[in-house]
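Everything below concerns the one structure shown next.
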Amino acid sequence: MPAAYGNRVTLRASGGPTFALVTPFLRMPDSPALARAAAVAEVNNALCVARCAAQLAGLEEDPFVVRELLHLTTEQIDRAARVIRELLTRAVTLPSH
């Protein structure tokens, strides 16, 4: 049975602990803004990986290693481009507030 004490409602379970129901003090985070921030972070990470792989490819002498590093570079650039395309597609389809 709930018992009202001031502005709180305490729920009592039979033989268990009691928990007071309280209202949240903070607002929920803005999920579209968090999604945009995550997309920007992923683009940044992909471009950093591509830059590092390209720098390593310039230092290497083994053709196989150079080819693999350049392949990694193009994969990461494609990853960044894909995230940007998805971000732009979501920005166009999401209603503005």
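All values reported here derive from a predicted model rather than from experimental measurement. Quick note: numbers below take in every heavy atom, side chains included, and nothing from hydrogens, waters or symmetry partners.
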With a 3.5 Å cut-off and sequence neighbours excluded, list the donor-acceptor pairs that the side chains of residues 39-61 form with protein atoms.
unit_1: Asn45; atom_1: ND2; unit_2: Ala41; atom_2: O; d: 3.4

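Membership of the apolar cluster around Val66 extends to Leu70, as traced through chained side-chain contacts below 4.5 Å between ILVMFWY residues.
Here the CZ-CG distance, from Arg67 to Asp62, works out to 9.0 Å after rounding to the nearest 0.5 Å.
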